[in-house]
Amino acid sequence: MFRQKEVVNEVLSSFKTNILRLLVLNQITRRQMIKFIDKKIRKTILENKDCPQKVQEDKYLMGRNLIFTMNKAFERAGNAPAVRKALVNALAHNVFLKNKPQKENFEKKFKRQPPSFLTISPGKFCNLKCIGCYANSSSNASEKLDWNTLDKIINEKNELWGSYFTVISGGEPLLYESQGKSIIDLAQKYQSEFFLMYTNGTLIDKKMAKKLAEVGNITPAISVEGFGRETDTRRGIGVHTKVIEAMKNLREAGVPFGISFTATKDNAHLLNDTFIDYYFENHGAIYAWVFQLMPIGRANCLDLMVTPKQRLDMFRTTQRLIKDRKIFIADFWNSGCVTNGCISAGKSGSGYLYIEWNGNITPCVFNPYSPVNINDVYEKGGTLNNVLEDPFFRSIRKWQKDYSSNGISGEVGNWLIPCAIKDHYDVMEKILNKYHPKPIDEAANEALNDKQYKENLKRYGEKVAEVTTGVWKREYLKKQS
């Protein structure tokens with residue numbers, strides 16, 4: 001009986017996806033659909049009273065811009081039918097077919113929603129050696145996940161969570177190879193999956209751009225540090241020129257792409273309209289991710305971090321760009337309202353876990369402490385669900401819930417400072433001391449035992465709280481500070 005229900009759901013899902021594809025292919029019906037979706041998410045989100053109204057407004061604007069971005073990607077992929085098909089599949093899985101049997105089964109068993117996605121760094125190897133790299137990657141690094149393990153992870157997240165979105169990081173993902181398989185092979189096998197791939201862009205020549213267009217379901221987020229001077233200073237002379245060439249190749253092939261910007265105290269001021277015009281209008285990017293430098297990996301001191309004032313300035317800038325220019329730009333710290341705070345440790349609904357090249361699983365990319373290794377889990381017959389139930393991850397999720405447990409009563413934790421390890425290191429230190437997860441590299445181990453490092457990070461969190469708490473209370477909780 002259960003299998004019959006699964007088959008019926010699969011048939012209905014396929015039917016709905018095919019109908020959706022026909023509607024999207026027609027420009028007139030596609031525009032009508034966009035208006036309908038915009039109106040629907042506006043009504044659904046803004047009428048939800050579980051969170052402060054300003055939080056809901058932030059969510060609506062981000063959701064609206066995501067739909068606009070997908071439409072832009074579809075329009076530019078006129079000569080890449082595989083890309084168009086992948087975009088329709090992504091829209092179907094993540095907007096129209098949210099009630100998946102896998103999610104329902106998970107919710108019945110664990111009384112909560114499964115995470116939305118995974119971030120995986122399948123290999124540490126990289127052709128660059130960037131200043132302050134969070135992964136400490138280089139051409140000397142050979143660590144990588146075995147293909148069979150990587151394959152099993154993707155298959156499990158589909159079957160156990162109904163998750164069809166995966167972030168691929170590194171090292172340089174396009175250099176990953178195991179058992180004769182590459183990231184392109186992974187995307188080809190899992191056509192129902194949509195992959196966001198962080199890449200330095202230097203390997204995307206015309207041939208690679210064509211491969212990406214043919215596989216369809218990978219969007220590259222190309223790393224930049226500003227303009228030419230800033231990018232070359234951190235990544236190496238000539239890298240920016242290769243990045244611009246990669247963008248040209250992707251545009252011509254019809255592959256949607258964006259940028260990934262690592263903000264430091266030296267380049268945070270570059271996040272402005274000129275920067276957006278340069279990459280979006282001149283070179284064809286359609287989205288942007290912003291990462292405020294976290295002191296891990298090769299950047300295990302706080303000297304390069306954005307200052308508290310810069311962080312608030314960046315928040316104001318991204319808010320304006322999102323609202324007025326209708327672009328999708330997300331800052332993993334300043335966009336905390338969109339996800340109800342921290343999304344690490346496999347948080348229900350919006351959350352994720354991070355799996356690196358040695359199989360270590362951490363709460364997120366920037367929290368380098370692991371209680372379990374996926375290779376050990378699989379060797380013992382376990383699954384990703386067993387990983388989620390680890391006490392270390394459960395403890396972080398409890399803090400997330402406690403931090404935002406009182407709804408609209410006025411006591412919601414400040415989601416402008418959502419990060420457990422960067423903004424609330426005093427909390428993270430207690431959890432680390434209680435569960436003793438393994439540092440994934442020597443830099444993480446040094447940080448764990450460096451009293452000054454920990455005190456400086458706590459002080460940083462306190463200073464960021466000082467400049468954001470008033471904003472949170474006045475603009476989000478509507479309280480006079």
Side-chain angles (χ1 to χ4, degrees), residues 9-10 12-26 29-31 33-34 36-38 40-41 59 62-78 80-103 113-120 154-155 157-159 161-169 173 183-184 186-199 212-221 250 253-258 285-289 327-330 338-339 349-352:
N9 284 331
E10 288 173 4
L12 288 174
S13 175
S14 177
F15 176 74
K16 291 178 181 178
T17 302
N18 286 330
I19 293 296
L20 179 63
R21 184 175 294 116
L22 290 174
L23 292 172
V24 170
L25 282 172
N26 184 283
T29 55
R30 185 170 71 252
R31 288 176 178 173
M33 282 183 62
I34 291 170
F36 170 77
I37 296 171
D38 182 18
K40 183 176 176 61
I41 62 174
K59 292 177 182 177
M62 192 70 86
R64 175 200 68 178
N65 292 4
L66 179 59
I67 295 300
F68 291 168
T69 297
M70 293 183 73
N71 179 56
K72 188 178 295 184
F74 195 87
E75 289 178 344
R76 293 184 182 181
V83 172
R84 286 191 159 194
K85 179 180 179 181
L87 288 168
V88 172
N89 287 340
L91 190 66
H93 280 304
N94 296 297
V95 178
F96 290 102
L97 303 175
K98 285 190 173 182
N99 295 322
K100 308 179 186 75
Q102 305 98 312
K103 292 183 67 174
Q113 293 182 356
S116 293
F117 67 103
L118 284 175
T119 295
I120 306 173
I154 301 299
N155 185 60
K157 68 185 284 293
N158 291 172
E159 293 189 347
W161 302 347
S163 166
Y164 295 94
F165 176 63
T166 299
V167 176
I168 301 293
S169 189
I183 293 301
I184 300 294
L186 186 71
Q188 184 63 60
K189 179 172 182 179
Y190 291 96
Q191 281 289 291
S192 61
E193 195 86 8
F194 199 81
F195 296 90
L196 170 66
M197 178 182 71
Y198 290 108
T199 172
L212 291 167
E214 289 172 347
V215 76
N217 56 340
I218 301 178
T219 177
L250 292 168
V255 177
F257 66 91
I286 61 172
Y287 60 84
W289 295 98
I327 63 173
F328 184 88
I329 176 170
V338 177
T339 55
S350 59
Y352 83 110

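Just the heavy atoms: all of them, side chains too, but no hydrogens, waters or symmetry mates, feed the values below. The structure displayed is predicted, hence computed values, not measured ones.
Counting heavy atoms from C-beta on, the side chains of M62 and F328 come closer than 4.5 Å. You'll find the side chain of I67 reaches within 4.5 Å of the side chain of I34, heavy atoms only.
Checked by atom type, the side-chain pair N89/Q191 shows no donor-acceptor distance below 3.5 Å. In summary, the side chains of Y287 and T219 do present a donor paired with an acceptor at a separation below 3.5 Å, with no hydrogens or angles considered.
A donor-acceptor contact shorter than 3.5 Å is absent between the side chain of D38 and the backbone of R64. A donor-acceptor pair is defined here as one N or O able to donate and one able to accept, closer than 3.5 Å; no such pair exists between the side chain of K157 and the backbone of S116. Panel note: side chain E193, backbone F165; a donor-acceptor pair is recorded below 3.5 Å. Looking only at distances, no side-chain donor or acceptor of N217 sits under 3.5 Å from a matching main-chain atom of Q188.
Summarising the geometry, atom OH belonging to Y164 is positioned 12.5 Å from atom CZ belonging to F195; distances are rounded to the nearest 0.5 Å. To the nearest 0.5 Å, the span separating OG on S169 from CE on M197 amounts to 10.5 Å. Atom CG of L212 is separated from atom CZ of F257 by 12.0 Å, given to the nearest 0.5 angstrom. Atoms NZ and CG, from K189 and N155 in turn, are 7.0 Å apart once rounded to the nearest 0.5 Å. In this structure, CG on N71 lies 8.5 Å from CZ on F74, to the nearest 0.5 angstrom. Atom-to-atom distance recorded for S350:OG and K59:NZ is 8.5 Å, nearest 0.5 angstrom.
With sequence neighbours excluded, no residue satisfies salt bridge (Lys or Arg N to Asp or Glu O under 4.0 Å) with E159. The side chain to side chain contact (heavy atoms under 4.5 Å, CB included) check on A82 picks up nothing, with sequence neighbours excluded. With sequence neighbours excluded, the residues satisfying side chain to side chain contact (heavy atoms under 4.5 Å, CB included) with A288 are I259, F280, I329.
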Checklist entry - Which is it for I154 and L186 under the side-chain contact (heavy atoms from CB on, under 4.5 Å) test, yes or no, and what are the steps along the way? => result CA-CA 9 Å; I154 301 299; L186 186 71; 4.0 Å; yes
Next on the checklist: As a quick check of understanding, evaluate side-chain contact (heavy atoms from CB on, under 4.5 Å) for F194 and I218, giving each step before the final call.
Outcome noted: CA-CA 6 Å; F194 199 81; I218 301 178; over 6 Å; no
Next on the checklist: Let's go through Y198 and I168 carefully: what are the C-alpha distance in whole Å and the side-chain angles of both, what is the deciding distance for side-chain contact (heavy atoms from CB on, under 4.5 Å) to 0.1 Å, and is it a yes or a no?
Outcome noted: CA-CA 6 Å; Y198 290 108; I168 301 293; over 6 Å; no
Checklist entry - side-chain contact (heavy atoms from CB on, under 4.5 Å) between T69 and I327: does it pass, once the steps are laid out? => result CA-CA 7 Å; T69 297; I327 63 173; 6.0 Å; no
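For Y352 and F117, the distance between ring centers is under 6.0 angstrom.
Scanning both residues, Q113 and G349, for their nearest heavy atoms gives OE1-CA, 3.2 Å. K103 and P114 make their closest contact through CG-CG, 4.1 Å (heavy atoms, listed as atom of the first residue, atom of the second, distance). Shown here for S163 and N158, the closest heavy-atom pair between the two residues is O-ND2, 2.6 Å. Contact record, G258 with A285: CA-CB, 4.2 Å, taken as the closest heavy-atom pair. Listed here is the closest heavy atom pair of P220 and T199: CB-CG2, 3.8 Å. Nearest heavy atom pair, residue A80 against residue A213, reads CB-CB, 4.3 Å.
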